[in-house]
Novice: 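To start, I am sharing the structure in question, which I have written as structure tokens.
Chain letters run A, B, ... following the sequence lines, proteins first, then strands; residues in each count from 1.
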Number of protein chains: 2
Amino acid sequence: MGWAIELERTASPKKKPKVSELGFGKYFTDHMFIMNYDGGQGWHHPRIVPYQPISLDPAAKVFHYGQTVFEGLKAYRTAEGGIRLFRPSKNLQRLNLSNDRLSIPEIDEQLFLEALMSLVRVDSDWIPGEPETSLYIRPYVIATEPLLGVSPSQQYLFMIIMSPVGSYYAEGINPVSIHVESHYVRAVEGGVGTAKTAGNYAAGLKAQEGASAKGYTQVLWLDGVHRRYVEEVGSMNVFFKLGDKVVTPALNGSFLAGITRDSAIQLLRHWGIEVEERPIPIDELVEACRSGELKEAFGTGTAAVISPIGELSYKDEKLVIGGGETGPLSKRLYDTLTGIQYGREKDPFGWMVEL
Amino acid sequence: MGWAIELERTASPKKKPKVSELGFGKYFTDHMFIMNYDGGQGWHHPRIVPYQPISLDPAAKVFHYGQTVFEGLKAYRTAEGGIRLFRPSKNLQRLNLSNDRLSIPEIDEQLFLEALMSLVRVDSDWIPGEPETSLYIRPYVIATEPLLGVSPSQQYLFMIIMSPVGSYYAEGINPVSIHVESHYVRAVEGGVGTAKTAGNYAAGLKAQEGASAKGYTQVLWLDGVHRRYVEEVGSMNVFFKLGDKVVTPALNGSFLAGITRDSAIQLLRHWGIEVEERPIPIDELVEACRSGELKEAFGTGTAAVISPIGELSYKDEKLVIGGGETGPLSKRLYDTLTGIQYGREKDPFGWMVEL
């Protein structure tokens with residue numbers, strides 16, 4: 001195919017932040033990718049330009065009706081100086097699934113991949129090389145038509161921005177404590193919970209604030225129908241080690257099908273560990289924690305990779321998991337996944353794409 | 001109190017559209033209101049400036065995590081040339097309820113009202129005087145902090161834009177046909193369904209598209225837990241006349257507490273008509289339609305006022321309501337509400353605020 005992606009280089013490269021100051025999503029690279037959609041014309045004018053503000057009509061639909069989707073992936077620098085992406089085709093596919101759910105026109109996956117690779121190449125000196133750091137890549141689509149009727153937009157922007165990042169949580173690989181949310185609900189089957197769309201994240205802020213005020217890092221969401229089955233933790237998928245096997249909520253149409261989730265399941269099964277994808281009642285976990293059968297718990301996601309859970313609070317009970325320490329399986333998954341991503345370990349599934 | 005709202009008048013007023021071309025939310029007036037929020041500083045710098053694009057960092061949180069709320073109300077021109085707002089205090093209060101649910105800092109209601117009144121005054125020549133026309137007012141808040149962590153923004157814009165409008169639906173006061181949605185869900189108790197926030201509207205687009213493709217104007221949403229109780233129609237509240245009484249879904253925490261809904265209930269009760277607010281199973285409506293007990297159905301909302309429903313499609317059944325015509329009660333409500341709004345009728349509840 002070969003799409004002609006225009007490139008306008010910045011005349012004034014920014015000063016790069018110190019690695020110790022990176023945090024998550026605070027600093028952005030020198031360039032960004034941008035492409036327009038107009039009804040009748042389709043997606044057009046793909047280009048890489050200096051990172052800069054975007055100018056929108058105050059009536060742009062994204063501000064009013066939230067028609068927007070996004071993705072998140074990372075570029076890693078290997079010890080040899082190589083640059084790699086982790087399963088980018090999964091992100092391309094998922095963005096289009098989200099697009100479909102939000103009535104946004106499909107984006108050509110080949111063009112998307114070319115845009116991604118080209119942008120990473122242009123800003124490759126922004127990929128940090130220190131342990132646990134990477135370049136976080138944020139593709140997203142926003143509806144820009146200036147019209148207040150509630151209907152799918154006839155104009156969009158597809159953009160990719162990039163941010164050099166450290167750990168998502170201040171805790172790093174140390175265990176986080178989680179509040180089981182029994183009042184607020186994030187999403188429900190039949191809704192947009194499986195799409196990576198802005199509204200799902202806005203819907204979680206209030207519960208997150210409440211949990212933070214009580215000293216918890218994240219919220220464990222229960223399903224919106226029975227308020228009984230665990231769904232995900234914050235914006236990560238969640239796994240529990242019960243005895244010798246691992247259980248994780250089955251994809252049910254109300255939470256995101258995480259790429260790290262899928263990778264963790266593949267790795268666990270590759271190691272001969274039984275993984276059950278099924279509905280998990282919160283009372284089963286409470287009971288398993290009391291009886292000592294709940295050995296480990298962890299969240300999975302692109303930003304946090306593997307995030308061990310050391311404590312759950314449910315109603316008035318505090319449940320300490322695995323002595324509040326990072327369990328051996330969580331550690332092994334974290335080490336293996338990051339090992340594959342940074343090129344320190346073999347890549348048995350062919351997940352990495354070299355630039 | 002007295003807030004100092006700066007005013008910068010446009011040097012190049014726009015040409016006003018013809019009344020026949022108005023539609024809904026397509027044209028915007030010469031000015032807009034804007035105010036900033038910054039963490040530590042609070043809301044500051046309220047100002048009226050020429051309507052113009054806004055410039056945002058591509059990482060602004062509204063694009064990624066949908067932290068945004070809005071309101072909708074109208075200014076009406078009376079036959080005598082006066083200008084009136086309909087129950088604006090309800091919108092001020094509801095915006096702050098939405099703000100609270102979305103973790104957005106509260107806005108002083110006195111300042112909000114002053115901003116609203118001042119902006120309407122500045123652009124008063126944009127309020128059309130023809131029947132069924134008005135000036136639609138859209139206050140909204142967007143999160144603007146350029147940071148990709150999922151947490152409440154430390155920066156916001158509060159804006160008010162205005163659009164001269166005709167009928168929301170092409171049908172005007174003529175009955176619309178409605179598809180009862182049994183696959184997709186809009187919102188669920190515990191979620192953000194009661195807040196006027198962008199994500200709720202994005203969540204409805206896909207079902208709306210499906211209904212449009214089948215020739216229906218709107219979707220009737222069922223509850224997300226049982227998929228059985230009616231919630232709202234499109235983005236309007238919904239009422240049914242069963243025999244001599246009127247029923248409407250009780251506020252249950254998963255749909256918006258409409259101001260037109262509240263006004264319709266007050267008017268109906270004022271007329272001595274019994275109104276029940278309660279859960280309404282869809283099968284009860286189907287049965288009542290078959291037996292002829294379902295006399296009328298209508299939606300209520302600021303944009304559409306009263307929108308009669310002439311036909312419901314549920315699964316494979318087509319249910320014609322009131323012979324597909326606008327029923328007498330729907331017509332009376334429409335005439336009375338618009339009569340009060342345009343000053344043709346007495347205002348027994350003191351709803352109107354004169355400018």
Novice: Under a 4.5 Å cutoff for heavy-atom pairs, which residue among B:I34, B:V192, B:I161 has the most contacts with chain A?
Specialist: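 Of the options given, most contacts go to B:I161.
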
Novice: Answer yes or no: is there a side-chain heavy-atom contact under 4.5 Å between A:Y184 and B:R101?
Specialist: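 When only atoms from C-beta onward are counted, B:R101 and A:Y184 do touch, with a gap below 4.5 Å.
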
Novice: Mind checking whether A:F63 and B:I54 have side chains closer than 4.5 Å, heavy atoms only?
Specialist: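 Yes, side chains in contact.
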
Novice: Keeping B:K206 on the side-chain end and A:D100 on the backbone end, is there a donor-acceptor pair under 3.5 Å?
Specialist: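 Confirmed, B:K206 side chain pairs with A:D100 backbone.
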
Novice: As a quick check of understanding, evaluate side-chain contact (heavy atoms from CB on, under 4.5 Å) for A:V185 and B:E189, giving each step before the final call.
Specialist: CA-CA 7 Å; A:V185 168; B:E189 204 181 328; over 6 Å; no

Novice: For the candidates B:A187, B:S103, B:S151, B:A203, which exhibits the highest count of non-hydrogen atom pairs separated by less than 4.5 Å from chain A?
Specialist: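 If we count pairs closer than 4.5 Å to chain A, B:S103 comes out on top.
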
Novice: Need one label for B:F28: side chain, backbone, both or neither, based on atoms under 4.5 Å from any heavy atom in chain A.
Specialist: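 Contact with chain A involves the side chain of B:F28 alone.
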
Novice: Mind checking whether A:Y65 and B:F70 have ring centres under 6.0 Å apart?
Specialist: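 Yes - the distance between ring centres of A:Y65 and B:F70 falls below the 6.0 Å cut-off.
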
Novice: Heavy-atom distance under 4.5 Å between the side chains of B:K26 and A:L147, does that happen here?
Specialist: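 Yes, close enough: below the 4.5 Å cut-off.
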
Novice: Given ring-ring contact (aromatic ring centres under 6.0 Å, His included), test A:H64 with B:Y140 step by step and report yes or no.
Specialist: CA-CA 8 Å; A:H64 304 272; B:Y140 65 103; 4.3 Å; yes

Novice: Quick check on the interface: out of B:G224, B:G23, B:A143, B:G149, who has the most heavy-atom pairs with chain A under 4.5 Å?
Specialist: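 The residue among B:G224, B:G23, B:A143, B:G149 with the greatest pair count is B:G149.
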
Novice: Taking all non-hydrogen atoms of both residues into account, name the closest pair between B:L102 and A:A202 and its distance.
Specialist: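 Result for this residue pair: CD1-CB, 3.6 Å.
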
Novice: Testing the basics here: between A:G66 and B:A198, what is the closest heavy-atom pair and its distance to 0.1 Å?
Specialist: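 The answer is N-CB, 3.2 Å.
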
Novice: Quick one: of B:A60, B:S212, B:P146, B:P152, who has the most non-hydrogen atom pairs under 4.5 Å with chain A?
Specialist: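 Most pairs with chain A among the choices: B:P152.
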
Novice: In terms of heavy-atom pairs under 4.5 Å, which option from A:V141, A:V188, A:L205 contacts chain B the most?
Specialist: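 Heavy-atom pair counts peak at A:L205.
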
Novice: Given side chains that start at C-beta, do those of A:R138 and B:L148 come closer than 4.5 Å, heavy atoms only?
Specialist: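 The answer is yes; the side chains approach within 4.5 Å.
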
Novice: Between B:Q67, B:R186, B:K61, who has the most heavy-atom pairs with chain A when the cutoff is under 4.5 Å?
Specialist: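 Most heavy-atom pairs under 4.5 Å with chain A: B:Q67.
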
Novice: What heavy-atom pair brings A:Y201 and B:V150 nearest, and what distance separates the two atoms?
Specialist: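 Shortest heavy-atom separation between A:Y201 and B:V150 comes out as CD2-CG2, 4.1 Å.
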
Novice: Counting heavy-atom pairs under 4.5 Å to chain A, which of B:D223, B:V225, B:T197 comes out on top?
Specialist: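 That would be B:V225.
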
Novice: With a 4.5 angstrom heavy-atom cut-off, is it the side chain or the backbone of B:T68 that approaches chain A, or both, or neither?
Specialist: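 It is the side chain, since no backbone atom gets that close.
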
Novice: What part of B:Y27 gets within 4.5 angstrom of chain A, counting heavy atoms only: side chain, backbone, both, or neither?
Specialist: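 Interface part for B:Y27: neither.
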
Novice: Taking every non-hydrogen pair under 4.5 Å, which of A:A195, A:G72, A:A59 racks up the most with chain B?
Specialist: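 Among the listed options, the one with the most contacts to chain B is A:A59.
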
Novice: Side chain, backbone, both or neither: which part of A:E209 has a non-hydrogen atom closer than 4.5 Å to chain B?
Specialist: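 Side chain only.
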
Novice: Can you give me the closest heavy-atom contact between B:P58 and A:Q52, atom names plus distance?
Specialist: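 That would be CG-O, 3.2 Å.
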
